[in-house]
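The first residue of the sequence shown is numbered 1, and numbering continues consecutively from there. A quick note: this is a predicted structure, and the numbers were derived from the prediction, not measured.
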Amino acid sequence: MLGLAAGVAVSPLPIVAIILVLATPRGRLNGPLFAIGWIVGLSALGAVMLAIGGPAGASTHQQPATWVGGLKLALGVLLVLLGARQWRRRPVDASQAQLPTWMAAIDRFTPIKIFGLGLALAAANLKNAPLTLAAGASISSAGLPVGQQIASLAVFVIIGSLGLLAPLGVVLFMGEPAKNVLGGWKDWAVRHNTAVMAVLFFVLGLKLFGDGLGILVS
């Protein structure tokens with residue numbers, strides 16, 4: 001689960017988004033709202049998987065159920081295919097990488113839209129959603145009591161949010177000098193977003209594929 005959480009934390013595009021949010025005139029208000037939306041999105045998606053896994057018998061005799069293996073196998077294949085798609089679409093020259101058009105309007109987003117953006121980038125992200133579902137399946141298939149399942153999901157969400165919380169912490173503790181630091185982070189993330197995402201898709205997809213295959217053949 002920790003590897004999946006780390007994969008969620010390394011999300012260049014959401015990190016760029018919160019840096020842009022923090023650079024707006026209401027950054028000190030909108031930045032925390034964005035982070036809260038992100039945390040709510042991950043928590044809700046993970047909770048849905050836990051709610052499904054319990055009644056569906058995700059754990060049988062302290063071992064993951066067959067359907068958990070099938071789910072991880074399918075999610076692994078999906079991530080590998082997405083990784084191949086990302087790699088083909090990467091810019092030949094990293095300096096030519098461009099931000100999505102909606103990011104240009106972030107400074108005009110209302111607080112509600114900022115919250116919704118954080119929620120969407122967490123729960124509807126093509127990388128984060130499969131990883132969060134897989135983490136929820138892993139937790140629910142471990143045969144843990146409900147309280148320990150919730151605590152495990154909380155750990156996943158905290159680790160998965162570190163990538164976003166880092167820029168927020170820099171702004172809150174460094175103040176004005178944080179702009180130069182975050183500007184460098186943003187430029188690097190924009191240039192290498194596609195390549196980083198492709199590698200993460202491949203590595204995490206193969207991991208999930210192997211985990212699912214192991215459950216199915218055991």
Participant: Any chance you could measure L117, atom CG, to L20, atom CG, to the nearest 0.5 Å?
Facilitator: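 Atom-to-atom, L117:CG and L20:CG are 10.0 Å apart.
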Participant: About how many Å separate CG of L204 and CG of L82, when rounded to the nearest 0.5 Å?
Facilitator: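 Between atom CG of L82 and atom CG of L204 there are 12.0 Å.
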Participant: What are the two closest non-hydrogen atoms of G136 and L50, and how far apart are they?
Facilitator: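 Closest approach of G136 to L50, heavy atoms only: O-CD2, 3.5 Å.
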Participant: Same cluster or not: are V203 and F156 linked, directly or through other Ile, Leu, Val, Met, Phe, Trp or Tyr residues, by side-chain heavy atoms under 4.5 angstrom apart?
Facilitator: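 No, separate clusters.
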Participant: Taking N30 for its side chain and T24 for its backbone only, find out whether a donor-acceptor pair lies under 3.5 Å.
Facilitator: no
Participant: Of L71, L153, I139, T132, which is the lone residue that meets side-chain contact (heavy atoms from CB on, under 4.5 Å) with M49?
Facilitator: L71
Participant: Working note: V80 + F209, criterion side-chain contact (heavy atoms from CB on, under 4.5 Å); need CA distance, chi angles, decisive distance, verdict.
Facilitator: CA-CA 9 Å; V80 169; F209 182 86; 5.7 Å; no
Participant: Is any side-chain heavy atom of L119 closer than 4.5 Å to a side-chain heavy atom of W38?
Facilitator: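 Of all side-chain heavy-atom pairs linking W38 with L119, none is under 4.5 Å.
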Participant: In the structure I gave you, are the side-chain heavy atoms of V21 and I114 within less than 4.5 Å of one another anywhere?
Facilitator: yes
Participant: Can you tell me which residue among L133, V40, V157 is in a side-chain contact (heavy atoms from CB on, under 4.5 Å) with L45?
Facilitator: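 Only one option passes, and that is L133.
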Participant: Distance check, rounded to the nearest 0.5 Å: L22 atom CG versus K186 atom NZ?
Facilitator: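 Separation between the atoms: 12.0 Å.
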Participant: Taking all atoms of both residues into account, what is the closest heavy-atom pair of A198 and G83, and its distance?
Facilitator: CB-O, 3.7 Å
Participant: Write down the atom of P32, the atom of G27, and the distance for their closest heavy-atom approach.
Facilitator: CD-O, 3.9 Å
Participant: Would you say K72's side chain and K207's backbone share a donor-acceptor pair under 3.5 angstrom?
Facilitator: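 Checked: no pair found.
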Participant: Following the transitive rule for hydrophobic clusters with a side-chain heavy-atom cut-off under 4.5 Å over Ile, Leu, Val, Met, Phe, Trp and Tyr, establish whether V8 and L126 coincide in one cluster.
Facilitator: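 Yes, one cluster joins them.
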Participant: Specify the closest pair of heavy atoms between L168 and G31, including all atoms of both residues, with the distance to one decimal.
Facilitator: CD1-C, 4.0 Å
Participant: Is L4 close to L208 at the side-chain level, that is, under 4.5 Å between some pair of heavy atoms?
Facilitator: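 A side-chain contact exists here, since the closest heavy-atom pair is under 4.5 Å.
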Participant: In Å and rounded to the nearest 0.5 Å, what is the CG to OG distance from L131 to S11?
Facilitator: 8.0 Å
Participant: With rounding to the nearest 0.5 Å, note down the distance linking CD1 in I18 to CD1 in I106.
Facilitator: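 So the CD1 of I18 and the CD1 of I106 are separated by 10.0 Å.
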Participant: Identify the two heavy atoms, one from G7 and one from L200, that lie closest to each other, and give their separation to 0.1 Å.
Facilitator: O-CD1, 4.3 Å
Participant: Same hydrophobic cluster for L42 and L2, using side-chain heavy-atom links shorter than 4.5 Å among ILVMFWY?
Facilitator: yes
Participant: Identify whether F34 and L13 are in the same connected component of the hydrophobic contact network (ILVMFWY, side-chain heavy atoms under 4.5 Å).
Facilitator: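 Same cluster.
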Participant: Which atom pair, heavy atoms only, marks the closest approach of P167 to I19?
Facilitator: CB-CG1, 4.0 Å
Participant: If you group Ile, Leu, Val, Met, Phe, Trp and Tyr by side-chain heavy-atom gaps below 4.5 Å, do I159 and I36 land in one group?
Facilitator: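 No; I36 is not reachable from I159 via cluster members.
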Participant: Enter the distance from L79:CG to F201:CZ here, rounded to the nearest 0.5 Å.
Facilitator: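 L79 CG to F201 CZ: 6.5 Å, rounded to 0.5 Å.
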Participant: Main chain of S140, side chain of Q149: is a donor-acceptor contact present, judged purely on distance under 3.5 Å?
Facilitator: no
